[in-house]
Amino acid sequence: MSEKTIDKKIDSAKKRKINYAVLQEQIFQEKIDAEKKIEPKDWMPDGYRSHLIRQISQHAHSEIIGMQPEGNWITRAPSLRAKMILLAKVQDEAGHGLYLYSACETLGVTRDELNKQLHEGKAKYSSIFNYPTLSWADMGAIGWLVDGAAIVNQVSLQKTSYGPYSRGMIKICKEESFHQRQGYEIMTEMANGTKEQKEMAQDALNRFWWPSIMMFGPHDSDSPRTGNAMKWKIKRKTNDELRQNFIDKTVAQADLIGLKIPDPDLKWNEERGSYDFGEIDWDEFWNVVNGNGPCNEQRLNHHKKAHDDGEWVRDAVKAYAKKSA
Ligand code: BYC
């Protein structure tokens, strides 16, 4: 919508004695409906701003906390090639976190505040990173399934209505494709390796399958944030749509390398053109989301320690900036 059109609307509203706040909200929604991006200096409802701060910061925290389960295997990678690839991937996750924190800061919140919310348990991060990584095959399962699920979600977020988030997603998706492929390559090699290697790959798939499909969040009927998120085009697809999309893509990939998805109810539904699948253990999901998963405490303590240990770096940067000014 051009400045001229907005001015015309304001003039006409004044004549018709329409409340200015209502008009601003109308113009905002019209822009969203017309697929225009909302930029940091544009007017936006408080609810839109706080919804974005919540979602983008949780996304950023997930990228940063998500470095821990994989970081665990950098020193134990089975070859120099595997080590280099894993290092590059984990560094990419740090970069994703930083783009997302920057996008979030454009909404008027500071990085310190975001870290405080994480450390005090007010901000969440993805449930998936509260599971342990027990074998090298878990690096394959994370890349294949976790990054695979992340891509499905993030491809749709490329079209999200907030400009800085959308542009961040475009760059992140390019890197996630490499991540998904490195994970699938590990799984393919192990599935075609010795009997023990194939068992390790199957075991990793067994442990990561259900937590991966939980990443998409509760069913739409139990998702309180979806209504506004869809109205404001922050989310472009619902939790269930994305989950189904991920399952439909992934089953054939498992078949191709001879691994079995651990769901006895998984069955192709000709009528829907999609897979039917078994019931998700929502008690497990909420338990993990509410801080009681196998690694929640460990992940958060590690983050706090790294943050405290880095204080001297932040102090040095500030002192240098002051001196330079
Ligand atoms: N884990 O109403 P709902 C990565 C919470 S990182 C924890 O459906 P919404 C990667 C939800 O926050 C992947 N909490 O919410 C990194 C809400 O609680 P609050 C991260 C969850 O926001 C390294 C409540 O449950 N990706 O890819 O509409 C290595 C009700 O849910 C989860 C993103 O963050 C969960 N799984 O939908 C490899 C993508 N699910 O906040 C890979 C961006 C739900 O009201 N985020 N909750 O207290 C999103 O797309 C959406 O926020 C979600 C949830 C789909 C996650």
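Nothing fancy with the numbering, it's 1 onward along the sequence. In listed order, ligands and their atoms are each counted from 1.
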If two hydrophobic side chains count as joined below 4.5 Å and joins carry through other members, does Phe246 share a cluster with Ile151? no

What part of Leu242, side chain from CB on, backbone N/CA/C/O, both or neither, has a heavy atom under 4.0 Å from ligand 1? neither

Arg236 side-chain N/O to Leu157 backbone N/O, donor-acceptor pair under 3.5 Å: no

Do Asp220 and Thr238 have side-chain atoms, one donor and one acceptor, less than 3.5 Å apart? yes

Taking 4.0 angstrom as the limit and counting only heavy atoms of Pro218, give me the atoms of ligand 1 inside it, by number and element. 8 (O), 31 (O), 44 (C)

Is it the case that Asn206 and Gln202 place a side-chain donor and acceptor less than 3.5 Å from each other? yes

Just by modelled atom types, is the Tyr275 backbone N or O under 3.5 Å from a matching donor or acceptor in the Arg272 side chain? yes

For the residue pair His61 and Tyr101, is the inter-centroid distance of their aromatic rings smaller than 6.0 Å? yes

Are there protein heavy-atom neighbours of atom 44 (C) of ligand 1 below 4.0 Å? yes

As a check for students: among Gln68, Gln55, His59, identify the option with a heavy atom nearest to atom 26 (N) of ligand 1. His59

With a 4.0 Å heavy-atom cut-off (strictly under), which part of Ile128 contacts ligand 1: side chain, backbone, both or neither? neither

Under-4.0 Å heavy-atom contact with ligand 1, by part of Phe129 that carries it: side chain

Report the member of Ser57, Ala123, Ser223 with the shortest heavy-atom distance to atom 3 (P) of ligand 1. Ser223

Mode of Ala229 contact toward ligand 1 - side chain, backbone, both, neither (heavy atoms, under 4.0 Å): neither

May I ask you to check if ligand 1 and Asn153 share an N or O to N or O distance below 3.5 Å? yes

Could you say whether the N/O atoms of Asp147 and ligand 1 ever approach to under 3.5 Å? no

Under 4.0 Å, heavy-atom basis, I'd like to know which part of Tyr125 is in contact with ligand 1: side chain, backbone, both or neither. backbone

Short N-O contact, Glu185 and Arg181, less than 4.0 angstrom: no

